[in-house]
Number of protein chains: 2
Amino acid sequence: MTQTLRAPRSDNRLPQILDESARLFREKGYAATSMRDIATAVDMLPGSLYYHFAAKEDLLVAVYEEGVRLITDKVRAAIARQTDPWQKLEAAAVAHLEALLKTGDYALVVIRVLPQDVPKAAARLVALRDGYDNLFAQLVAALPLPPQTDRQSFRLLLLGALNWSQHWYHDGGRHSPRTIARSFLRLLREAQLP
Amino acid sequence: MTQTLRAPRSDNRLPQILDESARLFREKGYAATSMRDIATAVDMLPGSLYYHFAAKEDLLVAVYEEGVRLITDKVRAAIARQTDPWQKLEAAAVAHLEALLKTGDYALVVIRVLPQDVPKAAARLVALRDGYDNLFAQLVAALPLPPQTDRQSFRLLLLGALNWSQHWYHDGGRHSPRTIARSFLRLLREAQLP
DNA sequence: CTATATAACAAACAGTCGTTTGTTTTTCTA
DNA sequence: TAGAAAAACAAACGACTGTTTGTTATATAG
């Protein structure tokens, strides 16, 4: 067999394209970010981007996938270090929020760009998010809660509040992502204590 | 004094323009909605919209203001019917969520369009939102909570979860906006009971 | 009835959009 | 070092963008 595929060039600029795309998609949103914006940011001509991505939507999907992968990895790693169900959930919440607010732009794109903004790729984005949501559903399922507790609402309450924090969080604030996540969880946990 | 101002025409089409703008801004977002989209929806020519609004941004601000007014009115009315602090908050949460998920498009534009999407009007939008947030801050301040409770986190947790519900709520679901708001509040309240 | 403010049309403006095409430069492999 | 693949440039395509301008129809007040 002949080696038909060549190794990618060493100074690959694809990461840079993704980085700047993530930054712009997060800052301005998907629709308001033009391919020319991205091209300018990476110091290329607009057409050159189409060597790496067939369409603007594919560029977003790539950023989105990387964002989901990033959050998922962080949360999985955080969970693995704990054994107690409540501590697992707290670790997950902290990791989730730190991924959103500290990791950078990829993660924020995931919760800022709506699937409906990218009709042709919407189903793919929704599937990616659902897979992640399932992670939290399992954590909540493992909690020792009173039998009448609505675990779905519990998950939606926590995850919604965490995701919404992007709108009011700012870097120099009194609370870090870690303390925010912890104080949310404390408010929720005290409900279930004797 | 002479009457220089004339009464507006009876079949004023301004409400229709606002309605369709709200619908489109909610469905597609601000950037992805064109003036031609709106003009088509109200069966006008694009240029005719500029008789009513000087710019696209002004159209958004008008929708946004109406949205804030709508939510605020609903919540204020709901609060007024209650006396107990917890019941006031629950009534406010229910009204808030019903305004978002049942009232229509105006209210959703308020939490779906980010101020940063409209640079020239951003400050105005932020001010409108802050005024509304203050309403909830007062309700939380009135709650009989243990002294060590972080009331700011409490408010952000509740309001964030309520606002995020737009992303997963769908009309035919098992839970109505009212039951969602109530179950969120129950999860939060049980923490503070003896 | 007529004057006038209201509200729309009709048509275009310059600029930007995502994308395509053909060509050139750069880099790695054999 | 020659050849090929990778990665960029250069330039344009048609469609669409927010907006402006001049004109026309319509309703209402005097």
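When reading the values below, keep in mind they use all heavy atoms of this one structure, side chains included, and skip hydrogens, waters and symmetry mates. Chain A is the first sequence line, chain B the second, and so forth, proteins listed ahead of strands; every chain is numbered from 1.
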*Provide, to the nearest angstrom, the distance between the CG atom belonging to Leu59(B) and the P atom belonging to dT17(D).*
15 Å

*Starting from C1' on dT17(D), measure out to NZ on Lys28(B) and report it in whole angstrom.*
13 Å

*Any side-chain heavy atom of Leu59(A) sitting closer than 4.5 Å to one from Ile17(A)?*
yes

*Round to a whole Å and report the spacing from CG of Leu45(B) to P of dT20(D).*
17 Å

*CE of Met44(B) versus C1' of dC9(C): gap in Å, rounded?*
11 Å

*Cluster question for you: counting only ILVMFWY and a side-chain heavy-atom cut-off of under 4.5 Å, with indirect links fine, are Leu70(A) and Phe136(A) together?*
no

_Protein within reach of the bases, or only the backbone? For nucleotides 12-23 of chain C, mark each nucleotide 5' to 3' as B, S or -, using heavy atoms under 4.0 Å._
B----BBBB---

*Decide if the gap between the ring center of His175(B) and the ring center of Phe184(B) is smaller than 6.0 angstrom.*
no

*Rounded to whole angstrom units, what separation is found between the CG atom of Asp43(A) and the P atom of dA7(D)?*
17 Å

*With respect to the phosphate group of dA7(D), does any side-chain polar atom (N or O) of Arg13(A) fall under 4.0 Å of OP1 or OP2?*
no

*Would you confirm whether Tyr106(B), through its side chain, and Val68(B), through its main-chain N or O, come within 3.5 Å as a donor-acceptor pair?*
no

_Rounding to an integer number of Å, can you tell me how far Asn12(A) CG sits from dT26(C) P?_
18 Å

*Check the pair Tyr132(A) / His96(A) against side-chain contact (heavy atoms from CB on, under 4.5 Å), numbers first and verdict last.*
CA-CA 11 Å; Tyr132(A) 177 74; His96(A) 177 87; 2.5 Å; yes

*asked:* Quick one, Leu18(B) and Glu66(B) - any side-chain contact, counting heavy atoms below 4.5 Å?
replied: no

*Can you tell me if the side-chain N/O atoms of His52(B) get under 4.0 Å from OP1 or OP2 in dT6(C)?*
no

*Tell me whether the OP1 or OP2 atom of dA8(C) has a side-chain N or O from Tyr51(B) closer than 4.0 Å.*
no

